[in-house]
Amino acid sequence: MEEPIVKLEKVSKTFRDFWLRPTVEAVDGLDLEVRRGEVFGLLGPNGSGKSTTIKMMLGLLAPSSGKISLFGLPPHAKAARAKLGYLPELSYLHPFLTARETLMYYAGLCNLPRRVARERTDQLLEMVKLSDVAARAVGGFSKGMARRVALASALIGKPELLVLDEPTSGLDPVSTKEVKTLVKALAKKGMTVLTTSHLLADSEDICDRVMILNHGKSAAEGKVSELGESLEEFFLAKVGSGDDFALADFLA
Amino acid sequence: MISLWRIFWLEVVALVRSWTAPILVVASLGWMFAANFVLVTDATDEGKREMLVLYGLGGVFALLVVAVLASSTGAVASERESKRLQLTQVRPVSAFAVAWGKFLALAAVAASVLAFPCAALIVSSGFSERRCSHVYRPLLESPREEALKMYDAYMADPETSPMVKKAGRAVILRILEQRAKDHYQTVRTNETASWTFPGFHDWSHANPLVEPSARFRFSNAYNMRDEVRGAIAANGFFGAVSNITQTAVTVPLHLCQRGWDHDVLSFTNVGGNPVMLRPRQDVELLVPADSFAWNVFRSYVAMASILALMAAFGVFLGTALSRPVALFVAFVSLIVVEMGPSVAEQYPDSLETDAIDRFGLSVVRAVGACAKPPSALSPLPSLAADDCVEAKDALGAFAVDFVLAPIVLSILSALVMRRKT
C-alpha cells in the first residue's frame, strides 16, 4: 500500500504560558492520514484545533508529542516543502507588490528559473482572471481579488499537496463556485488537497473524505459518499446541534 | 540562491516603495546642503571641513543609525506579526536565507543612502585637492607593562587609600593601566623630550621629497593660555613650535640636513613655562597620504560596515523579540555601547573597589568588549582631522562588521526563527 502523503500519529499540542504551565490543549492524540490524489476535508467548530493541526503539518508549530510526516519526511524538510502549496485563512499579501511581482516572488522562493516563473505566472494570472490587473499593487485589491492572488501563489510551485485553510473565505458566490471548480479540476489532475472549511456545503461538494475535529480530537472520519445523510446533519450530530446555546435565556 | 535573491529584492522593494529610502536620501542631502549655512565655523577651510564632517556627515550617520535600527528590527518581527512570514517559511527556503537576505537588503540600502551625502561632501566642499595624512604614534611600553611597574610603588605609597589596597590585584592593575594611558610627561624650559618612531629613518630615505609633520597637543601645567615655544628635530627634519592656545599644534617639518640615523623625534622647550603632554595620545608624526576624496571613500566603507552590523543586530533582535521590545533593546544597547566605555574609564578609584559598583562596571566593560570590533574604528573624527582612515582598517571593518559578525548574527537569527516556529 502506498505511503500516505500526510501522516499524523498520536499528535498532541498543548500551549503553555510564560511559566510553562499548560493553558490550552489544542490537539489531543490525533491520528490522521491523507492519501495521494484525494481531497480531504478537516472540519470542526471554532477552536476545535483545525488551524493548529494544519500549522503542525506545515512545520509552523512543533507538536508537544507524536509524529508528523509529510511525503515521508519531517514537515520542515526542504524536500517536503518543495511539494507543498499553502493558502492561509487570510491572504497575508505584501501590499506594495503587484499581482505579477507577488507570484514572481513566491516562484523565486520555490527556486524556479526566471523563464519558468514568468510562464507560470502568466498562466496562473490568466487562470484566476487577474491578467488585466497584474501590474496593480495588491494592497488596493478587494478581498476576493487578494484571495485569488493568494491561491495563485499557492499553486506557483506546482505542488503535489495543496493545503487550503478556509479557501472560500471572503469570496462572493461566483468566486466561491470558481474556487470549488478549480479544486475539483486540480484533484482530477492528481493533486492532493487538504482543506478546512466552516461551510459544510462547500466541503460536501469537493471532499472525498472528511474528518470532524472536536476539542482537539477526531469525532468522526469517513468518506462523504458513505455518510448516509447530509454532511451538515452528520456534523451537528457529532459536535452538538447548538440548540443549548443560552442566548435566548439571556435575552429573555 | 534564487530564493535568497528574491528575499533580498522584496526587502529592497519594501524600503523603496514605502518611501523610507527616498525620504532618507532627501533628508541626508538636505542636511548636507543646510549644514553649509546652519553650522557656524571659524571661517577657515579646516574649520569648515571639520564642522561639515563632524556635524554634517555625522548628523546623517546618526540619522541612518536610527533608521537602520528601526527598519531592521521590523524586518522579521513585523512579518511575523502580520503572519506573512508563515508564507515564506512553508516554502523550501532556509531560515538562514531569510535572515541573510533581509540583512543584505538593509545593508545595501543603508550603504546606497550613505553614498549620497559622502559624494555631496566630496563634490560640494571643494576639498578634493586636499591630502590626508598617515598618523604614527611613538613606540612606548604598553599601559599594562607600565601598570605592572607602578604596582609595587603604588601599594607601598602611604597616600594610597587603605580601601583601595584591600582590592584585588586585577582591580588595582586596571586602575593603574588607566593612569598609564593618561600619563603626563612634563618638559621644562630648555629640556628636550624624545620619542621613538620605528622605521622613520628608512622611510625618510625612501621618500626624500615628502615632508612630514608633527602634531602635539600640549597642556600647560599652570596657565592654559601660556604660550608654548619649542623646536622639533626628527632625523634631519626641523620645525618650530609656537602657539598661544592648548589646541593641537601641527608643525610642518622641513628637511635641513641629512645623515642622521635615528628613528627619534625630539621636542625642545624654549618657552618660559614647562609644558605637559601625554605621549601615548598627544604626540603624532604625520606623513602625507592620498586625497581627501579617497579618505572619504575609505570612511564610507567603514561607516557602511558599521551600519551593516547594526542591520544584522536589528534583524536578530526582531527575530527573537516583538518589534517594540526589539527596538527598545536595540537603542538601549546602542547607548550602552557608546557611553559605557567612557563611563567605565572615568569611574573614581574608590568606587572601583566597591563590590556593587564593580559588578556594574564589569557589565559595562563586558558590553564594551563585545562591541569592540565595530567601535574600534571611528572614521568621522579621523576624516575631520584630515587623518588617513587606513585601507587595512576600512577593510578590517568591512570583514568584521559587514561579513563575519552578520553571518554569525544571521545564523543565530535562523536558529531563533526555527525555535520560535
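Keep in mind it's a predicted model, so treat the numbers as computed, not measured. Chain letters run A, B, ... following the sequence lines, proteins first, then strands; residues in each count from 1. Heavy-atom basis, side chains included; hydrogens, waters and symmetry copies ignored.
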pair B/Ile7-A/Leu109: side-chain heavy atoms closer than 4.5 Å: yes
Heavy-atom contact with chain B under 4.5 Å, split by part of A/Lys83: neither
Distance-only polar pair, side chains of A/Thr196 and A/Asp165, donor-acceptor under 3.5 Å: yes
Whether B/Trp100 and B/Phe103 hold their rings parallel, tilted or perpendicular, with breakpoints at 30° and 60°: tilted
side-chain hydrogen bond (donor to acceptor under 3.5 Å, both in side chains) assessment of A/His76 paired with B/Arg418: CA-CA 9 Å; A/His76 56 263; B/Arg418 282 194 62 176; 3.3 Å; yes
Part of A/Pro113 lying under 4.5 Å from any heavy atom of chain B: backbone
Segment of A/Ile156 engaging chain B (4.5 angstrom heavy-atom cut-off): side chain
Contact winner vs chain B - A/Ala79, A/Ala117, A/Ser153, heavy-atom pairs under 4.5 Å: A/Ser153
Chain B contact via A/Leu112 - side chain, backbone, both or neither, heavy atoms under 4.5 Å: backbone
Top contributor to chain A contacts, counting heavy-atom pairs under 4.5 Å, from B/Arg17, B/Arg84, B/Gln86, B/Lys83: B/Arg84
Test item: B/Glu81 side-chain N/O and B/Arg323 main-chain N/O as donor-acceptor pair under 3.5 Å: yes
Contacting region of A/Leu93 [heavy-atom separation from chain B under 4.5 Å]: backbone
